[in-house]
2 protein chains.
Amino acid sequence: MDVGSSLQNRVPRKRRKMQRVTMMDVAKLAQVSPSTVSLYLRKPAAVSPAAGQEIARAISTLGYVPNLVAGGLAAASSKVVSIIVPSIRNAFFAETVSTLQSELAAEGLQVILGHSEYGEEQEEALVRTALAWAPAAVVLTGLSHSAETRKLLQASGVPVVEMWEIGGNPIDMAVGFSHPQVGASAARHLLSKGRRSLAFLGARMQEDHRAAKRANGFAEEAKRTGHATCEVINHPGAATVEAGSLLLNRALQQVPNLDAIACSNDLIALGALFECQRQGLAVPDKIAVAGFGDLDFSASCIPSLTTIRPSGDLIGKEVARLILAGIHGAQPTGPSRIIDTGHVLVERRST
Amino acid sequence: MDVGSSLQNRVPRKRRKMQRVTMMDVAKLAQVSPSTVSLYLRKPAAVSPAAGQEIARAISTLGYVPNLVAGGLAAASSKVVSIIVPSIRNAFFAETVSTLQSELAAEGLQVILGHSEYGEEQEEALVRTALAWAPAAVVLTGLSHSAETRKLLQASGVPVVEMWEIGGNPIDMAVGFSHPQVGASAARHLLSKGRRSLAFLGARMQEDHRAAKRANGFAEEAKRTGHATCEVINHPGAATVEAGSLLLNRALQQVPNLDAIACSNDLIALGALFECQRQGLAVPDKIAVAGFGDLDFSASCIPSLTTIRPSGDLIGKEVARLILAGIHGAQPTGPSRIIDTGHVLVERRST
DNA sequence: CCTGTTGATCGTAGCGCTATGATAGTGAAA
DNA sequence: TTTCACTATCATAGCGCTACGATCAACAGG
């Protein structure tokens, strides 16, 4: 043997001997090989009923919980979907994430959540760590991303779904609606009510590209018709009720004879509504108010709010559908990779 | 070619030869061993500056992204924290999850999100899959869980934080406030304003134990003082503005001379406020309205809403602090494992 | 010159599972 | 009988990384 450094004697230095129940334990108890247990867990139909019963019994008596980390490593793709939204505090995204989570959980997929806070660098960092999980899919919000983000995702080969916006060039798949069209719908509605001095009230539009696109669509449609004026007013902070009050006041200052406003968010519209009430401006007689989002309170406030419903639920469902279809083999190509969930204008008392 | 069983020739059947960049590739390029790269990634200070620079250069030229799945398997604990809330659509939890996610992300931890929808069985299933990820910690909402859930968590040895409620017996750690005390605060406030015919309007209290506890605290405080009546009214559906309108009407029917209401949620309070306005009931002259949550609109509505602020932000921060302290070694024991974030009554115009 | 100490680096055995063939076992077709 | 096709089961090589202990170089103290 080896003289000199005589300590070659390999002590099998065991690491923390976790007493975790493994698939091996289940296999032993069920008198089958680990492979069969694994197979049973993945495709129960592929093992004989007898063996299946034994395995099921063993699993329950041992209280076995499969280790998804190990599974993910071996399978080179883990059962997680990474979702990146600007902010979960935003009711729009909360709705979509909620639906998406439920749909994916039903298929055994976990959701990893990240917030970009409307920052492309933050988003890039999130995408980077997301990819470190070898996820089954990555879901992003909107179509605007840093070049590096696009590169990372494309190179990874992971399915990508961009949601809440269509009308651009998606990395892979997209589910959403056209924001300029939403703006245009709002403008057409207000014009159809005979309004001519319009303002669009938005928040954080320097970062929130989708809100900015709604504003553009609104302004362009207003101008296209020729005989209306339109001012776009931005609040640099978040879209809140408070911001709505401030924005309404600024609109009243800047736009003579203001007779209609459209807001990038129902919260802003609600703030505007309150401010009108405070100032004794009759809605809709003096000023018509339209919102976006159809949030919880929009049908119940006074007056009830005309708004545009983007159906965050539907977006969540469709995103889930695309992801699951991809996992189950059927890879759609062509236009079916872009889904337009549309928008609905809900006319109520405020216009 | 293969005659008979002459094919014993062990072809090293390689699996999908993923061309993923691995730590090995980085090590080769940087002329160090994989161990050193791993060490550098985990504790940069432990490798020499020269080697560190080489490694950093190699990482960036190769565009290496560490595989967290492999890391999690090897380390027997992954860098994820599983958070289970009743619903992310609820602004309270959205706020906490948002803060928590940001705090944890800053330390390289990912957040896996699950929704129990106020169901104990659902929660149990979520906990089960959560544990399958060998998470660094599990965060639950409230102190009420199935016996099996408690058992699973206790057996796993994973740090557990229960949030948004204290006053019971936590599995491990808890961050939140006392809901009965919130109810009592609201009652005392209304009583101090001379109100004597009270009602508590809540939603989904058969499932939302915390709302039910606020209701109890309110009713008991009201009765304790002797000279006030109190009715608790429940809406079986979700807490929405719409529900607030319905509940107010039921309260008006059931409680003669109703002069004050407390709501389990600001959305309900807002609905009640709107309904009062519709019916021409002056707030606070005829009816005082108090809410819970201090949501976005509460300071801006008409009249501005007296409410109780639970500070979901603070809860998120404290939960993050506990988790990070646990990871960084310092295991607090005793009372420091239960943190009371308190509540603040914000008096405004509605009472 | 030896010993001990310290700091940096390395070699390698797993972590628990899945994917890939291989291997038995069965019956039908030739 | 032999051959082939098909099913059920198994053995085992990784997946990419971390943790453990070993190793090595440099240097101080005796």
Side-chain angles (χ1 to χ4, degrees), chain A residues 2 4-28 30-52 54-55 64-79 132-134, chain B residues 2 4-28 30-52 54-55 64-79 132-134:
Chain A
D2 36 43
S5 50
S6 73
L7 239 302
Q8 299 309 41
N9 188 5
R10 222 144 266 305
V11 181
R13 58 213 160 69
K14 353 209 74 167
R15 243 198 286 195
R16 69 233 97 90
K17 184 78 264 174
M18 284 299 265
Q19 71 283 32
R20 192 190 224 287
V21 179
T22 73
M23 189 174 273
M24 186 79 86
D25 301 322
V26 174
K28 247 172 227 155
Q31 314 252 45
V32 296
S33 79
S35 312
T36 308
V37 177
S38 171
L39 190 60
Y40 170 76
L41 254 21
R42 282 172 296 119
K43 323 186 170 156
V47 310
S48 67
E54 275 311 306
I55 294 170
Y64 170 66
V65 177
N67 184 332
L68 292 175
V69 179
L73 180 60
S77 155
S78 61
K79 290 210 162 309
W133 284 97
Chain B
D2 39 40
S5 56
S6 77
L7 235 303
Q8 299 311 37
N9 189 3
R10 206 138 271 320
V11 179
R13 58 211 161 72
K14 355 207 72 164
R15 242 193 291 190
R16 71 231 95 91
K17 185 77 260 172
M18 284 298 265
Q19 71 282 36
R20 191 190 227 287
V21 179
T22 72
M23 190 174 272
M24 186 79 87
D25 301 321
V26 174
K28 245 172 227 155
Q31 315 252 43
V32 295
S33 79
S35 313
T36 307
V37 177
S38 171
L39 190 60
Y40 170 76
L41 255 21
R42 284 172 294 119
K43 324 188 170 154
V47 310
S48 66
E54 276 312 306
I55 294 170
Y64 169 67
V65 177
N67 184 332
L68 292 176
V69 179
L73 181 59
S77 155
S78 62
K79 291 214 163 305
W133 282 98

For [X] against [Y], the heavy-atom pair lying closest together:
X        : Y        : value
B:Ala134 : B:Ala76  : CB-O, 4.2 Å
A:Val65  : B:Ala132 : CG1-CB, 3.9 Å
A:Ala27  : A:Pro34  : CB-N, 3.6 Å
B:Val69  : A:Gly72  : CG1-C, 3.9 Å
A:Tyr64  : A:Thr22  : CE1-C, 3.5 Å

message: Using the side chain to side chain contact (heavy atoms under 4.5 Å, CB included) criterion, which residues pair with B:Ala70? Sequence neighbours excluded.
response: A:Leu73, B:Asn67
- request: Check side chain to side chain contact (heavy atoms under 4.5 Å, CB included) between A:Ala30 and all other residues, then give those that pass, not counting sequence neighbours.
  value: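 In terms of side chain to side chain contact (heavy atoms under 4.5 Å, CB included), with neighbours along the sequence ignored, A:Ala30 is linked to A:Val32, A:Glu54, A:Ile55, A:Ala58.
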- prompt: Which residues satisfy the side chain to side chain donor-acceptor pair (under 3.5 Å) test with A:Ser35, sequence neighbours excluded?
  reply: none
task: Only counting residues at least two apart or in another chain, list the ones meeting side chain to side chain donor-acceptor pair (under 3.5 Å) with A:Thr36.
output: A:Ser33
Would you mind reading off the distance between [X] atom [atom1] and [N] atom [atom2], rounded to a whole angstrom?
X       : N      : atom1 : atom2 : value
A:Asn67 : D:dC17 : CG    : C1'   : 14 Å
A:Leu68 : C:dC15 : CG    : P     : 18 Å
A:Leu41 : C:dA19 : CG    : P     : 12 Å
B:Asp25 : D:dG16 : CG    : P     : 9 Å

message: Using a 4.0 Å cut-off on heavy atoms, which residues in residues 42-52 of chain B reach DNA chain D? List them by number, or say none.
response: B:Arg42
- request: With a 4.0 Å heavy-atom cut-off, tell me which residues in residues 33-40 of chain A come close to DNA chain D, sorted by residue number.
  value: A:Ser33, A:Ser35, A:Thr36, A:Leu39
query: What bend angle does the helix from C:dC1-D:dG30 to C:dA30-D:dT1 show across its length, from five-pair end axes and to the nearest 10 degrees?
result: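 About 60°, once rounded to a multiple of 10°.
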Can I get a per-line list of side-chain donor-acceptor pairs under 3.5 Å for residues 37-44 of chain B, giving both atom names and the distance, sequence neighbours left out?
residue: B:Ser38; atom: OG; partner: B:Arg42; partner atom: NE; Å: 3.1
residue: B:Ser38; atom: OG; partner: B:Arg42; partner atom: NH2; Å: 2.9
residue: B:Arg42; atom: NE; partner: B:Ser38; partner atom: O; Å: 3.3

Consider the side chain of [X], meaning its heavy atoms from C-beta on, and name the nucleotide among [options] that approaches it most closely.
X       : options                : value
A:Met23 : C:dG16, D:dG16, C:dT18 : C:dT18
A:Arg20 : D:dG16, C:dA19, C:dG16 : C:dG16
B:Leu73 : C:dC15, D:dA19, D:dC17 : C:dC15

message: Can you tell me how far apart NZ (A:Lys79) and CH2 (B:Trp133) are? Round to the nearest 0.5 Å.
response: 9.5 Å
- prompt: When we call it a touch if two heavy atoms are under 4.0 Å apart, what does A:Val69 touch: a base, just sugar-phosphate, or nothing?
  reply: nothing
